[in-house]
Amino acid sequence: MKKLISSFWLRCSSALAVGTLLSMGAFSAWSRPSPSAWSKPSPTDTVSVQDKIANKILSLQESEQRWIQIDLSSQRLIAWEGSTPVYAVIVSTGKRATPTRVGTFAVKTKHVSTRMTGPGYDVSNVPHTMYYHRGYAIHGAYWHKKFGTPVSHGCINVAVDHAKWLFKWAAVGTPVVVHD
């Protein structure tokens, strides 16, 4: 009788152990992300912005419209009329701590001279300023000669003589495309 009971308990405990392991495996498989989820997620927001920028550049190049392109990677500004570049200069864009915003914008306001203030700076008589997005602007910079190097608080710094030319050439509404 003792043998019968112990063999019964052995079978029950074996079945219980196997059932538990199967349940745990099923739960583990159910809760574990699939292999496709293990890969690095794609930066859909970045791709979306990059797509908007690329589409905007294509549409502007197919027009005769004046527009401004800022290439952050090369620290260059190019003034275009449709697909024809008409003016190109070396600029200084935002530092790593205060980057220039990437995207498609338009010149909102123009000021022959203005005062710019923010954390760590207060500069008066900033010449030939064209605001294109909130506090971001293309403007002359008389306080440094480090063009080609990101040193600004996010704006596009241009040598004063080049800023003057751009200021006369661009109107309010002129598209501004900023990209990496």
Side-chain angles (χ1 to χ4, degrees), residues 41-180:
S42 67
T44 54
D45 289 340
T46 304
V47 171
S48 176
V49 170
Q50 290 172 346
D51 286 347
K52 286 179 184 177
I53 291 169
N55 288 334
K56 184 69 172 182
I57 288 172
L58 287 173
S59 71
L60 289 166
Q61 287 180 335
E62 291 174 354
S63 73
E64 294 300 316
Q65 189 173 7
R66 290 181 174 191
W67 59 285
I68 298 169
Q69 176 185 20
I70 293 109
D71 184 335
L72 300 176
S73 65
S74 65
Q75 295 291 291
R76 300 293 188 269
L77 179 151
I78 303 172
W80 296 82
E81 291 181 8
S83 61
T84 305
V86 295
Y87 202 80
V89 296
I90 298 172
V91 298
S92 180
T93 61
K95 301 177 284 193
R96 187 176 304 216
T98 54
T100 300
R101 185 173 180 150
V102 171
T104 59
F105 312 98
V107 173
K108 302 288 184 205
T109 61
K110 294 174 63 173
H111 307 272
V112 173
S113 180
T114 192
R115 179 178 180 184
M116 293 185 151
T117 61
Y121 67 96
D122 183 354
V123 184
S124 59
N125 302 316
V126 179
H128 313 296
T129 302
M130 298 185 290
Y131 284 99
Y132 61 87
H133 178 73
R134 298 182 184 160
Y136 294 90
I138 300 166
H139 60 76
Y142 57 80
W143 53 91
H144 76 80
K145 302 279 187 233
K146 297 179 183 175
F147 302 106
T149 305
V151 298
S152 83
H153 288 88
C155 287
I156 312 300
N157 289 191
V158 182
V160 175
D161 56 339
H162 298 303
K164 183 177 182 179
W165 185 94
L166 287 164
F167 189 85
K168 289 180 179 179
W169 177 82
V172 169
T174 300
V176 177
V177 180
V178 183
H179 64 86
D180 292 319

**Student:** side-chain contact (heavy atoms from CB on, under 4.5 Å) for L72 and T100? Distances and angles first, verdict last.
**Tutor:** CA-CA 8 Å; L72 300 176; T100 300; 3.9 Å; yes
**Student:** What is the distance from atom OH of Y131 to atom NZ of K108, rounded to the nearest 0.5 Å?
**Tutor:**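 Going from OH on Y131 over to NZ on K108, the span is 14.5 Å.
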**Student:** What ring pair (Phe, Tyr, Trp, His ring centres under 6.0 Å) pairs are there with at least one residue in residues 51-70, not counting sequence neighbours?
**Tutor:**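 Residue pairs passing ring pair (Phe, Tyr, Trp, His ring centres under 6.0 Å), neighbours aside: W67-W80.
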**Student:** May I ask you to check whether over 12 heavy atoms, not counting those of K164, lie within 6.0 Å of atom NZ?
**Tutor:**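 Check fails, neighbour count at 12 or below.
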**Student:** Go through the structure and list residues passing ring pair (Phe, Tyr, Trp, His ring centres under 6.0 Å) with W169, not counting sequence neighbours.
**Tutor:**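 In terms of ring pair (Phe, Tyr, Trp, His ring centres under 6.0 Å), with neighbours along the sequence ignored, W169 is linked to W165.
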**Student:** What is the minimum heavy-atom distance between V176 and Y132, and which atoms define it?
**Tutor:**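 The pair with the smallest heavy-atom distance is CG2-CB, 4.0 Å.
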**Student:** For S74, which residues count as a side chain to side chain contact (heavy atoms under 4.5 Å, CB included) partner, sequence neighbours excluded?
**Tutor:**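 So S74 forms a side chain to side chain contact (heavy atoms under 4.5 Å, CB included) with D71, R76.
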**Student:** What verdict does the side-chain contact (heavy atoms from CB on, under 4.5 Å) test give for L60 and V177, after you've listed the backbone C-alpha separation in whole Å, the side-chain angles of each residue and the deciding distance to 0.1 Å?
**Tutor:** CA-CA 10 Å; L60 289 166; V177 180; 3.9 Å; yes
**Student:** Would you please test H179 and I57 for side-chain contact (heavy atoms from CB on, under 4.5 Å) and show each step?
**Tutor:** CA-CA 10 Å; H179 64 86; I57 288 172; 4.2 Å; yes
**Student:** Which distance, rounded to the nearest 0.5 Å, do you find between the CG of D122 and the CE of M116?
**Tutor:**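 Reported to 0.5 Å precision, the distance equals 11.5 Å.
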**Student:** Going through the checks in order, is the side-chain contact (heavy atoms from CB on, under 4.5 Å) test met by L166 and L77?
**Tutor:** CA-CA 10 Å; L166 287 164; L77 179 151; 3.7 Å; yes
**Student:** Nearest 0.5 angstrom please: D51 CG to K56 NZ, how far?
**Tutor:**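 If we round to the nearest 0.5 Å, D51:CG and K56:NZ are 15.0 Å apart.
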**Student:** Locate the shortest heavy-atom distance separating P127 from Y142; write the atom from each residue and the value.
**Tutor:**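 Looking at all heavy atoms of both residues, the shortest contact is CD-CD2, 3.9 Å.
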**Student:** State whether the side chain of S152 and the backbone N or O of G94 hold a donor-acceptor pair below 3.5 Å, judged by distance alone.
**Tutor:**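 Yes; at least one donor-acceptor contact below 3.5 Å.
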**Student:** So which heavy atom on I78 is nearest to which on P85, and how close?
**Tutor:**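 Here I78 and P85 meet closest at CG2-CB, 3.8 Å.
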**Student:** Tell me every residue that passes side chain to side chain contact (heavy atoms under 4.5 Å, CB included) with T98, counting only those two or more places apart in sequence or in another chain.
**Tutor:**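 Listed in chain order: K95, H153.
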**Student:** What's the spacing between T114 OG1 and H128 NE2 if we round to 0.5 Å?
**Tutor:**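 Going from OG1 on T114 over to NE2 on H128, the span is 13.0 Å.
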**Student:** How many angstroms lie between CZ in F167 and NE2 in H111, if you round to the nearest 0.5 Å?
**Tutor:**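 With rounding to 0.5 Å, CZ (F167) is 8.0 Å from NE2 (H111).
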**Student:** Restricting to side chain to side chain contact (heavy atoms under 4.5 Å, CB included), what partner residues turn up for A170, sequence neighbours left out?
**Tutor:**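 Testing A170 for side chain to side chain contact (heavy atoms under 4.5 Å, CB included), a comparison that skips the adjacent residues, returns I68, M130, T174.
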**Student:** The criterion is side chain to side chain contact (heavy atoms under 4.5 Å, CB included); which residues satisfy it with A159, sequence neighbours excluded?
**Tutor:**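 If we apply the side chain to side chain contact (heavy atoms under 4.5 Å, CB included) test to A159, skipping adjacent residues, the hits are F147, D161, H162.
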**Student:** With respect to T93, which candidate in V151, I156, N157 satisfies the side chain to side chain contact (heavy atoms under 4.5 Å, CB included) definition?
**Tutor:**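 In the set V151, I156, N157, the residue that makes a side chain to side chain contact (heavy atoms under 4.5 Å, CB included) with T93 is I156.
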**Student:** If we ignore hydrogens and angles and just use 3.5 Å, is the side chain of Q61 paired with the main-chain N or O of L58 as donor and acceptor?
**Tutor:**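 Not a single qualifying donor-acceptor pair exists.
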